[in-house]
Each structure stands twice: as C-alpha cells, then as structure tokens.
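What follows is a set of notes on a single structure, which appears directly below.
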Amino acid sequence: MVDTTISTITCSGFSCSQNPINTSHLSSLQKLCKPKWSCISFSLTDLSFPSPRLLFGNGRHLKTSYSPKVSSQSLSTIPVPSKNYEFLDGSSEVELRLQLGGQNIQSTRDIFVDANGTSLTIKVQHSGSLITLMETNHLFDKIKPAETIWYIDDDELVINLKKQDPELKWPDIMESWESLTLGSMQLLKGASIYIVGDSTEINQQVAQELAVGLGYTPLSTKELLETFAKQSIDSWLLAEGSDSVAEAEIAILQSLSSHVRAVVATLGGQQGAARRAGKWRHLYAGFTVWLSQTETTDEDSAKEEARSHIKDGRLAYSNADVVVKLQGWDTDHAKSVAEGCLSALKQLILSDKKLPGKKSLYIRLGCRGDWPNIKPPGWDPSAGDDVSPSGF
C-alpha cells in the first residue's frame, strides 16, 4: 500500500520597484507575479517497510519541477527589478528593511504587509493609489505568519519574519538562482548530483550550470568515456552496440561514486546506464535529477504524468530523487532548468535533513545497492535480503 501526499509550490519572480506603480486592491492570493516555475512535490510512503527508525526504509521522496515552454521574446518582457532592500538573517528570524524615501507616508495605516507561509506582499498608500513595494509568493523558506512584526525606523520599513526552521540559513529574503546556489551548499553538505535523462546534451548543459553555481566540479560520463576509448560514443555504438557502452559507463559511475562536490552528466538514451533497471547502484551515491521531456501543457498534466511513471516503475529514471519536467528545449534556458533543479532539491532535503548524511553512509558502506533501505555493515548483496536492519 502506498500513501501519497501531493502539494504544489509555485516558484515565481517578484516585483520590487522604487517607482510608484498603480495597482488595484488585490490580496496576495489574487495578485501573483508571472510564474517562472511550478514545483510539484510528491512524498510517497511505502507502508510495507516496518522500521520507523530508517526513514529510507519507509519509502521514497520524489520532487518534480514543471517548466512551461517560454519563448525568448516572452522572457525579455519580464522586468528584472532592482534590489532596493537590506536583508539580515538573525537565526530564528530574518529582518527586511525597505527604503520609504519619497513615498510620503503619513501614518502606519498607509502601509499594508501581508505575510503568509511562503509569500510576502508589501504595499503603501500614496496619492489615493496602492503602490507595491515588494511582492513574492516564494520566500526562501516558510515563516510563522502570526509572529510577523513590522515598524517604521526613520525612512525605512522594517519587517521581522519568524522562521519555521531556525536552523536554516537564509541567503536572501526570497528564492532565486543566487540564493539557491548559496543555500544549497549548506544543505547538500558536499553530496554530488547526478543528472539523468534521455538527452545527453541537455544533461551536460544543465550539469555545467549547476556546477558553476555551486562551485562543484562538472563531470561528463560521455567525455570521460570518449577519452578512455579514444573514439566517439557514436562510433562505439556502431562498433560494439549500446550494451557495451552502458557497461563502460557503469564502470565510470563506480569510480565517481566516492567523489564529492561534483555534478555528473550521464549518457542519455538506451546506451545510458541510468535508462536500465538494476544499474543504479552507484547513481544512488548522490542526489539524482531526472530531466524528463514532456508534451503536457499544464502543471496538473505534468503531475499526473510523473505520478504515472512512479506508479508504473518500469522506467528506470523513476528511481531519481528529483524530476524536472521540460516542454521543449532551448540552450538559453539551461540556467532556468538548473534553478528548478535546486529549488526541488532544497525542498526535498528540507523534508529530511538527514538525507545527505545517509548518502554519505551509503558510500562508506560500499554502494551495495541497498538504497533506500540501507542494511547493516556486513550485509552481503549476493546473499539476498536475509540480514534484518533491526537496530541499525
């Protein structure tokens, strides 16, 4: 029996302007910025695993991001706001300071602050109109709305937001490429990332963006294999077939499994090891991201497609920790896809902060293929599942 919990998180841009913007009086739920990403979170618990002390023994976590196809022209119309605020992380709470100079605020009744979960809207009354100073529906993490405090300090609006998770360091008030790359480094704790999917080219481009952003080492099994074999993958396929290439990539992945702080782009298609069931033993050493191309046109359809793949289980890519749904592809969007990967990985790790440590444990025990139900030291994979994990 599988118990499935699904929640939708919208990750969008924000509006933050020093110039007056006339807006109608809308609540934070009615007025949202144009969305850039939608992340669909799945938490599946397989109740057939009895041990409550081994979270991995209780099931798998899968998080997906869906990216609608966006033309370069439409991307150019999205304004890039200037940063007109100061931000401070104070452990249990974060502080935001916004300049009010030129707004002619008469009293605190002219200021409207709406904080709710992961959203924040700040507006001021000016000359009979509401001016939006800041609006985001994706703060870096969850807050406790009831404990929000704000006041005016000279020409600054100061807002204190109480964090749901005081242990998480916020690099900035909201989620962005910059804050995700900084925040992910504290969450990943050096764990490597493996990019899988049917397109080797897309895997490589997204892996490169992730590696640059995180300060990780970018690696490509395609390049490593071609250097080793002194021939292209295409010629190798013609000479020896896809099975030979896949087995060679498995050997490469084995050698990379003990590496940390690396983003590894794997081979796409049938010649890739990740496409083959039972060949994930060394991929489990890091966090795996499946770049899944889709023809769906909306979030609900993408969510249903992902759920179908998980339930079916025949596609080996469904073993991945994170799924990013892509409709179409443009090289210029590689960084946006990488941002979606980090957003989903962040939420995944926040749901269980022990995940990076368990990845490390899996490596130290020799990548025996017992993921996620890690067996005790001394367990022999060839002996079957005879050793009970009780007490481990």
Side-chain angles (χ1 to χ4, degrees), residues 37 39 61-67 177 180-181 184-185 187-188 190-226 233 245-246 249-250 252-257 259-276 279-294 306 309 315-349 355-356 359 367 371:
W37 282 94
C39 305
H61 300 270
L62 177 63
K63 186 166 292 293
T64 75
S65 290
Y66 171 73
S67 173
W177 172 248
L180 280 170
T181 52
S184 295
M185 286 189 284
L187 293 171
L188 288 167
S192 292
I193 300 173
Y194 293 84
I195 307 298
V196 305
D198 275 331
S199 172
T200 302
E201 179 185 2
I202 294 176
N203 294 349
Q204 288 178 313
Q205 291 174 3
V206 174
Q208 179 65 30
E209 292 289 349
L210 285 170
V212 171
L214 294 170
Y216 274 27
T217 301
L219 296 171
S220 165
T221 58
K222 176 179 182 290
E223 294 177 359
L224 292 171
L225 286 168
E226 289 181 339
I233 295 296
V245 176
E249 187 184 29
I250 291 171
I252 292 290
L253 291 171
Q254 180 179 359
S255 67
L256 295 178
S257 63
H259 287 225
V260 296
R261 296 180 177 85
V263 184
V264 182
T266 64
L267 288 177
Q270 190 57 44
Q271 67 268 23
R275 182 73 180 272
R276 300 170 179 234
K279 303 298 183 181
W280 276 63
R281 175 177 172 181
H282 300 291
L283 287 167
Y284 290 136
F287 287 99
T288 49
V289 179
W290 174 19
L291 303 181
S292 173
Q293 294 178 295
T294 180
H309 286 149
L315 196 59
Y317 293 139
S318 63
N319 290 322
D321 297 302
V322 165
V323 179
V324 177
K325 288 288 185 181
L326 306 174
Q327 185 193 42
W329 175 251
D330 187 324
T331 302
D332 293 337
H333 298 163
K335 191 171 183 178
S336 295
V337 176
E339 182 177 337
C341 295
L342 289 182
S343 178
L345 281 170
K346 185 194 77 172
Q347 296 303 319
L348 173 69
I349 297 173
L355 278 171
K359 292 286 186 182
C367 297
W371 184 271

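Scope of the values below: all heavy atoms of this structure, side chains included, with no hydrogens, waters or symmetry mates.
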For [X], all residues meeting side chain to side chain contact (heavy atoms under 4.5 Å, CB included), sequence neighbours excluded:
| X | answer |
| --- | --- |
| Thr331 | Gln205, Trp329 |
| Ala211 | Tyr216, Pro218, Val263 |
| Leu224 | Ile252, Leu256 |

Side-chain contact, heavy-atom cut-off 4.5 Å: [X] with [Y]?
| X | Y | value |
| --- | --- | --- |
| Cys341 | Val206 | yes |
| Leu342 | Leu214 | yes |
| Asn319 | Trp371 | no |

Q | Within residues 201-214 or reaching into it, pairs that qualify as salt bridge (Lys or Arg N to Asp or Glu O under 4.0 Å) - sequence neighbours excluded | A |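 Residue pairs with at least one partner in residues 201-214: there are none.
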Sequence neighbours excluded, which residues qualify as side chain to side chain donor-acceptor pair (under 3.5 Å) partners of [X]?
| X | value |
| --- | --- |
| Thr288 | Asp321 |
| Ser192 | none |
| Ser220 | Gln204 |

Q: Please name all residues satisfying salt bridge (Lys or Arg N to Asp or Glu O under 4.0 Å) with Arg281, sequence neighbours left out, ordered by chain then number.
A: none
**Q.** By salt bridge (Lys or Arg N to Asp or Glu O under 4.0 Å) - contacts of Glu226 (at least two apart)
**A.**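 Listed in chain order: Lys222.
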Q: Sequence neighbours left out, what passes ring-ring contact (aromatic ring centres under 6.0 Å, His included) with Trp290? Give chain and number order.
A: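 For Trp290, the residues satisfying ring-ring contact (aromatic ring centres under 6.0 Å, His included) (neighbours in sequence not counted) are His309, Tyr317.
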For [X] against [Y], the heavy-atom pair lying closest together:
| X | Y | result |
| --- | --- | --- |
| His282 | Ile250 | CD2-O, 4.3 Å |
| Ala338 | Leu210 | O-CD2, 3.5 Å |
| Gly197 | Asn203 | O-ND2, 3.3 Å |

Do any side-chain atoms of residues 265-275 form donor-acceptor pairs under 3.5 angstrom with protein atoms, and if so which ones, sequence neighbours left out?
from: Thr266; atom 1: OG1; to: Ile195; atom 2: O; distance (Å): 2.7
from: Gln271; atom 1: NE2; to: Gly268; atom 2: O; distance (Å): 3.3
from: Arg275; atom 1: NH1; to: Asp198; atom 2: OD1; distance (Å): 3.0

Q. Hey, does the Lys NZ or Arg CZ of Lys359 hover above the aromatic six-ring of Tyr284, less than 6.0 Å from the centre and inside 45° of the axis?
A.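 No - Lys359 does not lie over the ring of Tyr284 by the 6.0 Å and 45° rule.
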**Q.** Candidate pair Glu249 and Thr221, rule side chain to side chain donor-acceptor pair (under 3.5 Å), full reasoning
**A.** CA-CA 7 Å; Glu249 187 184 29; Thr221 58; 2.7 Å; yes
Q.
Let me confirm one number: the CG-CG distance from Leu291 to Leu326, rounded to the nearest 0.5 Å.
A.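 Answer rounded to 0.5 Å: 5.5 Å.
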